[in-house]
Visitor: 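Just dropping this structure here.
Every value quoted in this text rests on a predicted model; they were computed, and no experiment measured them. Chain A is the first sequence line, chain B the second, and so forth, proteins listed ahead of strands; every chain is numbered from 1.
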2 protein chains.
Amino acid sequence: MNQRKPDRRVQRTRRQLQESLTSLILAKGYDAVTIEDITEQANLGRTTFYLHYKDKEELLMQSLEAVFDDLVAQIQQRSIDDWVAHGQGPWTLAFEHAAENARFYQIILSGQGGDGIKRRVQNYIAATAKTTITRRAEELGASLSLPIEVLSNYIASSLLGLIAWWLESEQTYTVAQMDDFFRQLTMHGTARAIGFVPLTGGED
Amino acid sequence: MNQRKPDRRVQRTRRQLQESLTSLILAKGYDAVTIEDITEQANLGRTTFYLHYKDKEELLMQSLEAVFDDLVAQIQQRSIDDWVAHGQGPWTLAFEHAAENARFYQIILSGQGGDGIKRRVQNYIAATAKTTITRRAEELGASLSLPIEVLSNYIASSLLGLIAWWLESEQTYTVAQMDDFFRQLTMHGTARAIGFVPLTGGED
DNA sequence: TACAATTGTGAACATGGTGTTCATAATATA
DNA sequence: TATATTATGAACACCATGTTCACAATTGTA
């Protein structure tokens with residue numbers, strides 16, 4: 001009945017484990033962090049870790065999802081048209097958030113973060129894009145010219161790929177610039193950027 | 001002086017190690033393969049492995065690069081316009097190659113393939129895209145509307161992301177369809193696919 | 001063919017993280 | 001206060017890694 005309130009110790013333990021992991025990642029990278037590092041930093045027994053999480057990756061993903069859920073909620077407070085009207089894309093907040101935690105995501109997204117973290121982050125973005133686009137398509141009564149799965153996955157991988165590159169390159173460009181670049185690519189595709197002018201929309 | 005011909009034993013050993021690794025990846029996944037598995041399968045001493053490679057990843061990347069170099073050479077035999085004239089993108093061969101070795105790339109690209117493999121593959125694609133685009137831009141005397149690094153990285157991550165998704169989804173679509181999807185996105189961007197019609201190219 | 005250099009071998013070893021068990025202690029909730 | 005839940009830490013088995021070393025096998029060449 002009251003599944004609602006987990007034991008105080010549980011909350012405390014999990015929070016400490018999460019905080020310890022993120023701070024350790026900043027200190028020594030992802031792979032280098034051992035379970036014992038985490039529990040020691042958190043002042044907990046190593047056994048306790050396995051009482052709550054299967055492995056490092058599960059711990060990290062739960063932390064990330066909490067943060068992402070917040071971010072998505074913020075983004076969805078505005079409609080797509082609202083964002084565009086302000087000369088921004090909905091993903092502006094994503095670029096901002098990434099910049100604010102640059103070193104952290106640099107490590108996580110470098111791909112040398114455990115097995116499937118980048119992939120799981122990408123899945124999260126794709127799922128978000130999918131529901132957002134679906135909802136919008138319903139509002140407009142419009143139909144997609146591509147399978148939603150293809151589209152959402154394309155968006156997720158290109159956005160995440162660009163963010164990862166941007167962080168690795170020590171942020172050669174500002175958030176506003178990245179936002180603008182991504183909008184151009186989103187609006188007109190890569191062809192125009194290369195200077196390749198399509199045959200004026202021929203064979204749709 | 002004659003750096004040219006490595007000892008026959010070296011060639012033989014390296015080839016056997018490469019073949020063993022790829023076959024083992026198909027058999028039990030990437031992570032599950034140990035150095036000992038590889039050398040045993042290759043009928044070599046475990047020590048021998050370290051005589052040639054630092055770790056599993058180095059071995060795998062060298063195998064991949066050999067394959068990729070071939071593929072790129074094939075692709076570059078035609079000009080971009082040639083490809084387009086035939087109703088295809090240069091990346092058609094990439095989709096084909098991926099389909100032919102579906103299970104292999106499914107594992108490699110799932111992200112659960114060692115630390116940075118997907119990332120290194122993506123870097124390879126980005127580098128290829130960069131030189132290709134640069135060359136073409138020089139031919140046309142055109143200038144890019146985006147930094148080449150941004151562009152090439154966007155292309156690489158979206159292409160690889162799409163391929164990875166496609167393989168994971170058990171290839172719900174044909175090579176020709178994927179090629180067409182990617183071309184649509186390349187030519188017109190994602191916005192049009194959503195049914196979002198831009199303000200007729202307003203404020204460039 | 002014989003010889004010197006290179007390469008492969010296998011055993012042995014140290015290292016280090018993982019994941020599990022279990023009896024016991026600490027703490028929360030009712 | 002009583003009972004259930006959670007945390008503890010020591011101990012253990014396990015397994016892959018990476019390195020060393022003395023010796024064997026093979027190769028390219030003189």
Visitor: Does the ring centre of Tyr173(B) sit less than 6.0 Å away from the ring centre of Trp166(B)?
Guide: no
Visitor: What does Asp37(A) touch in the nucleic acid at a heavy-atom separation under 4.0 angstrom: a base, only the sugar-phosphate, or nothing?
Guide: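 The residue Asp37(A) makes no contact with any strand.
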Visitor: Between C1' on dA7(D) and CZ on Arg14(A), what's the gap in Å once rounded to a whole number?
Guide: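 One finds 13 Å between C1' of dA7(D) and CZ of Arg14(A), rounded.
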Visitor: Assuming nearest nucleotide by heavy-atom distance, tell me which of Arg9(B) and Gly45(B) is located more 5' along DNA chain C.
Guide: Arg9(B)
Visitor: Figure out the OH/P separation between Tyr50(A) and dC12(D), and round it to whole Å.
Guide: 18 Å
Visitor: Grab the CZ-C1' distance between Arg8(B) and dT29(D) for me, whole Å please.
Guide: 12 Å
Visitor: Quick check for you: among dT9(C), dT6(D), dT19(D), whose closest atom lies nearest to any side-chain atom of Leu44(B)?
Guide: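 Selected nucleotide (nearest to the side chain): dT9(C).
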Visitor: Any Lys/Arg nitrogen of Asp81(A) or Arg136(A) sitting under 4.0 Å from an Asp/Glu carboxylate oxygen of the other?
Guide: yes
Visitor: Looking at Thr47(A) and dG9(D), is any side-chain donor or acceptor paired with a base atom of the opposite kind under 3.5 Å?
Guide: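 Indeed, a donor on one side and an acceptor on the other fall under 3.5 Å apart.
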Visitor: Output yes when at least one side-chain N/O atom of Arg46(A) is less than 4.0 Å from OP1 or OP2 of dG9(D), else no.
Guide: no
Visitor: Roughly how far apart are Leu26(A) CG and Thr22(A) OG1, rounded to 0.5 Å?
Guide: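 With rounding to 0.5 Å, CG (Leu26(A)) is 6.5 Å from OG1 (Thr22(A)).
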Visitor: Can you tell me the distance, in whole Å, between the CZ atom of Phe49(A) and the C1' atom of dG9(D)?
Guide: 17 Å
Visitor: Describe, as an angle rounded to 10 degrees, how the axis at the first end of the helix from dT1(C)-dA30(D) to dA30(C)-dT1(D) is tilted relative to the axis at the last end, five pairs per end.
Guide: 30°
Visitor: Taking only N and O in the side chain of His52(B), is any of them less than 4.0 Å away from OP1 or OP2 of dG8(C)?
Guide: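 Indeed, a polar side-chain atom of His52(B) lies that close.
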Visitor: What orientation do Phe68(B) and Tyr105(B) show, parallel under 30°, tilted 30 to 60°, or perpendicular over 60°?
Guide: parallel
Visitor: Provide, to the nearest angstrom, the distance between the CZ atom belonging to Arg12(A) and the P atom belonging to dA28(C).
Guide: 8 Å
Visitor: Measure the distance from CG on Leu17(B) to C1' on dT7(C) and round it to the nearest whole Å.
Guide: 13 Å
Visitor: Evaluate the side-chain proximity of Ile75(B) to Thr92(B): yes if any heavy-atom separation is below 4.5 Å, no if none is.
Guide: no
Visitor: Are OP1 or OP2 of dT9(C) and a side-chain N or O of Thr48(B) less than 4.0 angstrom apart?
Guide: yes
Visitor: Please determine whether a side-chain nitrogen of the Lys or Arg among Arg120(A) and Glu57(A) lies less than 4.0 Å from a carboxylate oxygen of the Asp or Glu.
Guide: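 Judged by the 4.0 Å cut-off on N to carboxylate O distance, Arg120(A) and Glu57(A) do form a salt bridge.
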Visitor: To the nearest Å, give me how far apart NZ (Lys28(A)) and P (dG16(C)) are.
Guide: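 Whole-Å distance recorded here is 12 Å.
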Visitor: Find the distance Gln16(B):CD to dT7(C):C1' and express it as a whole number of Å.
Guide: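 Taking CD of Gln16(B) and C1' of dT7(C), I get 14 Å after rounding.
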Visitor: Taking the side chain as C-beta and beyond, is there a heavy-atom pair between Glu19(A) and Arg14(A) under 4.5 Å?
Guide: no
Visitor: Which nucleotide wins on minimum distance to the side chain of Leu51(A), given the candidates dT9(C), dT8(D), dA28(C)?
Guide: dT8(D)
Visitor: Under 4.0 Å, heavy atoms only, any strand: does Thr34(B) hit a base, just the sugar-phosphate, or nothing?
Guide: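 Answer is sugar-phosphate: Thr34(B) comes under 4.0 Å of backbone atoms only.
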Visitor: Could you tell me whether Asp7(A) and Arg12(A) make a salt bridge, using a distance below 4.0 angstrom between a side-chain N and a carboxylate O?
Guide: no
Visitor: For a quick test of reading the model: is some side-chain N or O of Thr13(A) closer than 4.0 Å to OP1 or OP2 of dA7(D)?
Guide: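 Checking dA7(D) against Thr13(A), a side-chain N or O does come within under 4.0 Å of OP1 or OP2.
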